[in-house]
Colleague: 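Sharing a structure below in C-alpha cells format, with a few things to ask.
This one's a predicted model, so the numbers in the text were calculated from it and none came from an experiment. Numbering of ligands and ligand atoms starts at 1, following listing order.
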Amino acid sequence: MGDTARICVDGKTFELPIVEGTEGERAIDIRKLRSETGLITLDSGYANTGSCRSAIPFIDGDQGILRYRGIPIEELAEKSNFLEVAYLLLSGHQPNREQFDYFLKSITHHTMIHEDFKRFFGALPKDAHPMAACSAAIGALSTFYPDSLDPRDERHIEISVHRLIAKTTTIAAYAYKHSVGQPFMYPRNDLSYVGNLLYMMFGNPCESYEVDPVIEKAIDLLLILHADHEQNCSASTVRLVGSSRVNLFAAISAGINALWGPSHGGANQEVIHMLQAIADQGMTGREFVERAKRGDPGARLMGFGHRVYKNFDPRSKIIKKACFDVLEKLGVHSRLLEIAVELEEIALKDDYFVERRLYPNVDFYSGVIYSAIGTPPTMFTALFAIGRLPGWIAQWLEMHQDPDFKIGRPRQIYTGPPITSYVPLEDR
Ligand code: ACO
C-alpha cells in the first residue's frame, strides 16, 4: 500500500499512515502507535525521528541542498543580506520595501541595552566564556522586560523578537569587551546591523573606527549561512524548552547553551584550536588525519561530518570560497588556511572518511575568516549564535502556531532494577 505502513506485533497487524512533505520526503506517522499497540519507538539521537512539520528550511543531505523558505542558500548568499533573510525566515515571505524598512528601523532602534544591564557583565569573571555570558544575559532579558513575555500575545511576541535580534549583537559585543577589559561601546544607529556589531566589538572611545566593507560583507554572509538549519540540537532545544510555554528569552537562552557544545556550533572554536595545534606541533596533515582515524584523544577532525549532509555541506562550499576571497582582499596570509586545505584534501580521498561519508561542515572554514579579522576563538560560537537567532525564533513561532502543538515529552525504556524495598540507613 502506498500511503500506509504495516507493523506486526504479537501476530496482530496495525496500519500506520505515511505522510509526505512537499519535496517528497516521507514519514510514518506513529502518533497512535502507543495507544493502539502499547509500544513506543526507540531512536537514540533522534536520527530517524521527525519531531514536527516545518515550512522554514529544507535540507536534502544526500544532494547537499539547503533552502530557506524555498529559496536556495546559494542565491540568498549572493543576493540578499542578513536582516532580509531574518525577515524571510520569521515571516515566511520576502519583505517588500515598506516591510523591510519597518523591520530595519525597529531592529536598529532596539540595539541599546538598559544601563543597569552593564553591571551584569561586571559580575562575571574576566575569562568568562562569551557563550556563558550570552546565554545568561539573554535569559536575564526577561527580568528587564516582564511586560512582554506572553508567548500567546502577538504584540509581546513582536517586540521580544525585535529586541532579541537587536540586543544580541550588543550583548555579544559587551561579553567580548568585558573579556578584554575595554569599555563598552554604545551601538551606533547610522551603521548597518553588521557594521554596528563590528564597531561595538572592535571600536574604542579613543579612536574613530571605520567599518571595513570587506569584513562587513563577509560577516553578513556568515550570518546568512548560519541563519537556520531545521531540527538540529539547538533548534530542537529551543522548541523543547519553548514547548513548556516559557517566554522566548528563556527558550533562546537554552538554545545558546545547546549551540555551545563542540559537537554542534562550538566546533568552529575547536577547528581553530586543532589547526593551531597542528601548526604549533609541526605535524603534517596526514599525521593528524591518521590520529583522527585511530580515535586518539583530542584528535577528532573537527569541522568534519554531519548528521544530515552525507555528500557535501553547501554552506561549507560557499564559506571556503569566501575565505579565500576575504583573505586575499585583506592581504592576509594564513598558515591555518593552508593546513585546513591540506586536511580537507587528505580526508576527502581517505577510505575512512569516504566510507563514513564525512565532509567539511559549516564550521570547517568559518573560523579562519573570523581569525583573519581579529576575532578571538572564544567569540566564534557567539557570532554563530547571532546568525542562528532568526532560525531559532522562526522555529519557536512555528511551533506555537502549529495545530498539533504539545509540550515536548519523550518516553523511555526503563533498564533499572525491578521493584526493591527501602533499607533503613542503620541496616545498610
Ligand atoms: N572525525 C573522525 N571521525 C568521525 C568524525 C570526525 N569529525 N565525525 C564522525 N566520525 C566517525 C565516527 O567516529 C563514527 O565512526 P564509527 O562508525 O567507526 O563509530 C562515524 O564517523 C559516524 O559518526 P557519528 O558520530 O555516529 O555521526 P553523528 O551523525 O552522530 O555525528 C557529528 C555528527 C557530531 C557532527 C560528528 O560528525 C562530529 O563529531 N564531527 C566533528 C564535530 C563537528 O564538526 N561538529 C559540527 C557539526 S555542524 C553543526 O552542528 C553546526
Colleague: Check ligand 1 against D363 and write out every atom of the ligand that is under 4.0 Å from a heavy-atom position of the residue.
Modeller: 46 (C), 48 (S), 49 (C), 51 (C)
Colleague: What residue and heavy atom of the protein are closest to atom 35 (C) of ligand 1, and at what distance?
Modeller: G305 O, 3.5 Å
Colleague: For atom 9 (C) of ligand 1, is there a protein heavy atom at a distance under 4.0 Å?
Modeller: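 It does; a protein heavy atom is within 4.0 Å.
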Colleague: Calculate, to the nearest 0.5 Å, the distance between atoms CD1 and OH belonging to I113 and Y174 respectively.
Modeller: 5.0 Å
Colleague: To which protein heavy atom is atom 50 (O) of ligand 1 closest, and what is the distance rounded to 0.1 Å?
Modeller: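 Looking at atom 50 (O) of ligand 1, the protein heavy atom closest to it is H264 ND1, 2.8 Å.
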Colleague: With under 30° as parallel and over 60° as perpendicular, where do the rings of H229 and Y309 fit, or are they tilted in between?
Modeller: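 The arrangement is tilted - the two ring planes meet at 30° to 60°.
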Colleague: Taking everything shown except D10 itself, do over 12 heavy atoms lie less than 6.0 Å from its CG?
Modeller: no
Colleague: Looking at atom 41 (C) of ligand 1, would you say a protein heavy atom lies below 4.0 Å from it?
Modeller: yes
Colleague: Look at the aromatic rings of F405 and H400 and report parallel, tilted or perpendicular, splitting at 30° and 60°.
Modeller: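 Tilted: the ring planes of F405 and H400 meet at 30° to 60°.
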Colleague: Hey, is NZ on K217 packed in by over 12 heavy atoms from elsewhere, all under 6.0 Å?
Modeller: no
Colleague: At what distance is the nearest protein heavy atom to atom 45 (N) of ligand 1, and which residue and atom is it?
Modeller: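 Here the nearest protein heavy atom works out to S263 O, 2.9 Å.
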Colleague: Heavy atom of G45 under 4.0 Å from ligand 1?
Modeller: no
Colleague: Considering the heavy atoms of G303, write down every atom of ligand 1 situated less than 4.0 Å from one of them.
Modeller: 43 (C), 44 (O)
Colleague: Between F202 and Y176, how do the two ring planes meet: parallel, tilted or perpendicular, split at 30° and 60°?
Modeller: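 It falls in the perpendicular class, over 60°.
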Colleague: Relative to the heavy atoms of F384, which atoms of ligand 1 are at a distance of less than 4.0 Å?
Modeller: 51 (C)
Colleague: Would you tell me which option among R356, R294, R357 has the nearest heavy-atom contact to atom 20 (C) of ligand 1?
Modeller: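 Among R356, R294, R357, the closest heavy atom to atom 20 (C) of ligand 1 comes from R356.
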Colleague: Please work out which of R291, R307, M274 has its closest non-hydrogen atom nearest to atom 29 (O) of ligand 1.
Modeller: R307
Colleague: Does R356 qualify as a cation-pi partner of Y352, given the criterion of NZ or CZ under 6.0 Å from the six-membered ring centre and within 45 degrees of its axis?
Modeller: yes
Colleague: Can you tell me the protein heavy atom closest to atom 25 (O) of ligand 1 and the distance?
Modeller: R300 NH2, 3.3 Å
Colleague: Measure from NZ or CZ of K118 to the centre of the six-membered ring of F184, then state whether that distance is under 6.0 Å and the direction lies within 45° of the axis.
Modeller: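 No, K118 and F184 do not form such a contact.
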Colleague: Measuring to protein heavy atoms, does anything land under 4.0 Å from atom 27 (O) of ligand 1?
Modeller: no
Colleague: Heavy atoms, side chains only, cut-off 4.5 Å: are S179 and T378 in contact?
Modeller: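 Result no, sub-4.5 Å side-chain heavy-atom pair not found.
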Colleague: What atoms of ligand 1 come within less than 4.0 Å of a heavy atom belonging to Y352?
Modeller: 2 (C), 3 (N), 4 (C), 11 (C), 13 (O)
Colleague: To the nearest 0.1 Å, how far is atom 7 (N) of ligand 1 from its closest protein heavy atom, and which atom is that?
Modeller: L301 O, 2.7 Å
Colleague: Is there a donor-acceptor contact under 3.5 Å linking the side chains of Q94 and R69?
Modeller: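 Short answer, no.
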Colleague: What part of V271, side chain from CB on, backbone N/CA/C/O, both or neither, has a heavy atom under 4.0 Å from ligand 1?
Modeller: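 Neither part.
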Colleague: Could you tell me which atoms of ligand 1, counted from 1 in the order shown, lie closer than 4.0 angstrom to a heavy atom of A267?
Modeller: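 The list of qualifying atoms is 43 (C), 44 (O), 45 (N), 46 (C).
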Colleague: Under 4.0 Å, heavy-atom basis, I'd like to know which part of N361 is in contact with ligand 1: side chain, backbone, both or neither.
Modeller: side chain
Colleague: Can you name the atoms of ligand 1, numbered from 1 with element, that are less than 4.0 Å from a heavy atom of V362?
Modeller: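 The list of qualifying atoms is 51 (C).
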Colleague: I'd like to check atom 31 (O) of ligand 1 in this structure: does the protein have a heavy atom lying under 4.0 Å from it?
Modeller: no
Colleague: Under 3.5 Å, N or O to N or O, is A292 touching ligand 1 that way?
Modeller: no
Colleague: Got more than 12 heavy atoms from elsewhere within 6.0 Å of NZ, K321?
Modeller: no
Colleague: Answer yes or no: does atom CZ of R294 have more than 12 heavy-atom neighbours from other residues, nucleotides or ligands under 6.0 Å?
Modeller: yes
Colleague: Under 4.0 Å from any heavy atom of H306, which atoms of ligand 1 are there?
Modeller: 37 (O), 48 (S)
Colleague: Are there over 12 heavy-atom neighbours, none belonging to R286, within less than 6.0 Å of that residue's CZ?
Modeller: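 Check passes, neighbour count above 12.
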